[in-house]
Asker: 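The structure follows.
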Amino acid sequence: MTLVAGIDSSTQSCKLEVRDADTGELVRSGHRPHPATVPPRSEQDPHAWWDALSSLLGEHGDDLAAVSVAGQQHGMVVLDDDRKVLRPAKLWNDTESAPQADALVGAWGAQGWADAVGTVPVASLTIAKVAWLREHEPDVFARVAHVLLPHDWLTLQLSGELVTDRGDASGTGYWSPSRGSYVADAFALLDLDPDVAPTVLAPGAAAGTHGEALVAAGTGDNMGAALGLGLREGDVAISLGTSGTVFAVSARPTNDATGAVAGFADATGRFLPLVCTLNATKATDTMARLLGRTRNELEQLASTSAPGAGGVVLLPYLDGERTPNLPEATGVLHGLRSDTEPAQLARAAYEGVACGLLDAFDALRAAGVTTDEGRVFVVGGGARSAVYPQLLADLLQRPVVVPMPAEYVARGACVQAAAARSGRDVAAVALDWAPAGGQQVEPDPAVDATAVRAAYRDLRRRTHPEPGEQP
């Protein structure tokens with residue numbers, strides 16, 4: 001049996017899967033934690049990622065034909081001329097660079113950025129973090145020879161090569177999915193030479209070798225998840241983790257000047273328009289803590305409340321928010337009365353997260369992405385909830401599919417490794433390995449989805465109106 005490994009190096013942990021390169025069958029897996037971070041400053045030492053990964057490879061990696069890393073997007077790893085790490089990596093959920101993101105938008109305008117790189121800069125993007133470094137740590141900035149993403153740095157440790165892929169590169173703010181190239185003018189805004197960025201490999205290409213194993217190009221975690229799900233054009237994935245993402249595979253790039261939709265590339269040669277929220281299951285976990293309940297108890301409590309939560313509405317912007325772009329925001333709880341029950345607070349927490357994600361779903365549609373013809377997948381830790389999938393189906397008023405629990409980012413990295421080893425098209429391998437089974441959740445037609453979503457939207461408009469909206 002020929003074996004390949006896929007790595008999901010996330011904010012929280014490193015997960016590794018070993019699969020049969022021909023069938024995609026899972027053979028073994030492992031997990032190691034990463035150091036905890038707390039925004040607004042969210043930083044990690046990249047060597048902690050390597051310690052976790054090398055430990056897993058020592059346990060599971062002695063018979064591999066190929067390996068690939070799918071890593072958390074956007075993080076900034078800066079190296080000197082000797083390829084030594086200059087400072088802790090700023091992660092995607094570090095919001096300290098919000099002022100620099102605003103200044104970048106001011107330089108070209110939102111439409112200018114959308115046209116140039118497909119995405120309007122926000123604090124999460126690498127380009128904003130590099131601008132922060134230039135302003136706040138000029139001595140470090142002066143020594144920067146290479147700017148890498150987290151998966152790029154791990155690929156470097158495995159292969160010795162400074163490379164990336166189009167999917168992860170598209171989240172930097174200085175690589176254009178529509179042009180398929182770096183944007184020199186974006187680097188000029190940072191006073192950097194484009195040579196600081198790694199070479200972008202083609203889908204399915206290999207970076208080099210690690211021992212006897214081929215090292216694939218790797219990609220970003222959302223691109224890896226799309227591969228792991230076998231996402232087809234027209235499908236939409238809603239991923240519920242600590243943060244939330246809503247994304248789809250598209251044949252055409254997007255350039256949303258509102259900033260809601262990030263116009264990413266995927267790992268196959270197509271595109272992956274995506275909307276990200278900072279606050280997803282962390283909001284319900286926080287409500288569970290405030291009510292003195294376990295996660296399961298909170299779900300049971302929420303299930304006893306009617307839709308609409310008795311008029312209680314939560315805007316779950318607990319640690320700022322990325323979409324909408326509100327890095328300094330906090331949560332808002334509205335509609336409390338003397339007879340408000342704990343069950344209504346629990347229900348409001350779930351509805352607030354779901355409404356935010358469905359606003360993201362609507363943003364994809366508004367950006368021209370096909371969202372009404374395919375399947376809607378619900379994945380991530382929140383997909384295992386007894387409440388979230390049903391609530392999303394009810395508020396969409398269409399069925400949602402909950403695939404069998406799996407590590408879809410690591411699975412997608414395995415797809416890349418298998419494609420690099422065999423020379424097959426990455427998308428074809430992803431479709432061959434697409435997960436079967438799972439559960440289809442049907443909507444309850446009695447739920448007044450319009451009313452629930454309108455209450456959420458009205459509170460958002462009153463407290464955080466978008467440009468052009470009436471508070």
Asker: Test of understanding: with side chain to side chain donor-acceptor pair (under 3.5 Å), list the residues that count as partners of R32, not counting sequence neighbours.
Answerer: S55, E59
Asker: Would you say T323's side chain and C276's backbone share a donor-acceptor pair under 3.5 angstrom?
Answerer: yes
Asker: Who passes side-chain contact (heavy atoms from CB on, under 4.5 Å) against P405, sequence neighbours left out?
Answerer: R384
Asker: Does E442 use its side chain to pair, donor to acceptor, with the backbone of Q390 at less than 3.5 Å?
Answerer: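 It does not hold such a pair.
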Asker: So, using side chain to side chain donor-acceptor pair (under 3.5 Å) as the criterion, who are the partners of Q12 when residues are at least two apart?
Answerer: none
Asker: Could you pull out all residues at least two apart from N325 that satisfy side chain to side chain donor-acceptor pair (under 3.5 Å)?
Answerer: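 Side chain to side chain donor-acceptor pair (under 3.5 Å) list for N325, sorted by chain: empty.
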Asker: Is it the case that the side chains of T284 and Y388 hold a donor-acceptor pair, with the cut-off being a distance below 3.5 Å and no angle test?
Answerer: yes
Asker: What residues, two or more places apart in sequence or in another chain, satisfy salt bridge (Lys or Arg N to Asp or Glu O under 4.0 Å) together with D94?
Answerer: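 Only K90 meet the salt bridge (Lys or Arg N to Asp or Glu O under 4.0 Å) criterion with D94.
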Asker: Give the table of side-chain donor-acceptor pairs shorter than 3.5 Å for residues 240-253, with sequence neighbours excluded, one pair per line with atom names and distance.
Answerer:
from : atom 1 : to   : atom 2 : distance (Å)
S250 : OG     : R252 : N      : 3.1
S250 : OG     : R252 : O      : 2.9

Asker: Keeping D115 on the side-chain end and G118 on the backbone end, is there a donor-acceptor pair under 3.5 Å?
Answerer: no
Asker: Would you call the rings of Y182 and Y174 parallel, tilted or perpendicular, where under 30° means parallel and over 60° means perpendicular?
Answerer: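 Aromatic pair Y182/Y174 classed tilted.
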Asker: Please set out all donor-acceptor pairs under 3.5 angstrom arising from side-chain atoms of residues 216-231, sequence neighbours excluded.
Answerer:
from : atom 1 : to   : atom 2 : distance (Å)
T219 : OG1    : D165 : OD1    : 3.3
T219 : OG1    : D165 : OD2    : 2.9
N222 : ND2    : Q73  : OE1    : 2.7

Asker: Which residues pass the side chain to side chain donor-acceptor pair (under 3.5 Å) test with E341, sequence neighbours left out?
Answerer: none
Asker: If you round to the nearest 0.5 Å, how far is CD of Q157 from CH2 of W49?
Answerer: 10.0 Å
Asker: Sequence neighbours left out, cut at 3.5 Å: what donor-acceptor pairs do the side chains of residues 97-105 make with other protein atoms?
Answerer:
from : atom 1 : to   : atom 2 : distance (Å)
S97  : OG     : A123 : O      : 2.9
Q100 : NE2    : E135 : OE1    : 2.9

Asker: Between Q44 and P35 (side chain of the first, backbone of the second, donor and acceptor by atom type, cut-off under 3.5 Å), is there such a pair?
Answerer: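 A pair under 3.5 Å: yes.
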Asker: Treating R166 as the side-chain partner and R270 as the backbone partner, does any N or O pair qualify as donor plus acceptor under 3.5 Å?
Answerer: yes
Asker: By side-chain contact (heavy atoms from CB on, under 4.5 Å), which residues pair with L431, not counting sequence neighbours?
Answerer: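 By the side-chain contact (heavy atoms from CB on, under 4.5 Å) rule, L431 matches R232.
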Asker: Going by salt bridge (charged side-chain N to carboxylate O under 4.0 Å, His left out), name the pairs with one or both residues in residues 277-296, residues two or more places apart or in two chains.
Answerer: K282-D319, D285-R295
Asker: Can you check whether Q72's main-chain N or O pairs, donor with acceptor, with S10's side chain at less than 3.5 Å?
Answerer: no
Asker: Kindly write out the residues that satisfy salt bridge (Lys or Arg N to Asp or Glu O under 4.0 Å) with D372, not counting sequence neighbours, or none if the list is empty.
Answerer: R365, R398
Asker: Let's go through D256 and V120 carefully: what are the C-alpha distance in whole Å and the side-chain angles of both, what is the deciding distance for side-chain contact (heavy atoms from CB on, under 4.5 Å) to 0.1 Å, and is it a yes or a no?
Answerer: CA-CA 8 Å; D256 178 21; V120 179; over 6 Å; no
Asker: Look up atom CD in Q344 and atom CG in L314, then write down how far apart they are to the nearest 0.5 Å.
Answerer: 14.0 Å
Asker: For S170 and A265, indicate whether the former's side chain and the latter's backbone hold a donor-acceptor pair under 3.5 Å.
Answerer: yes
Asker: Donor-acceptor check, side chain of R375 to backbone of V401, threshold 3.5 angstrom: yes or no?
Answerer: no
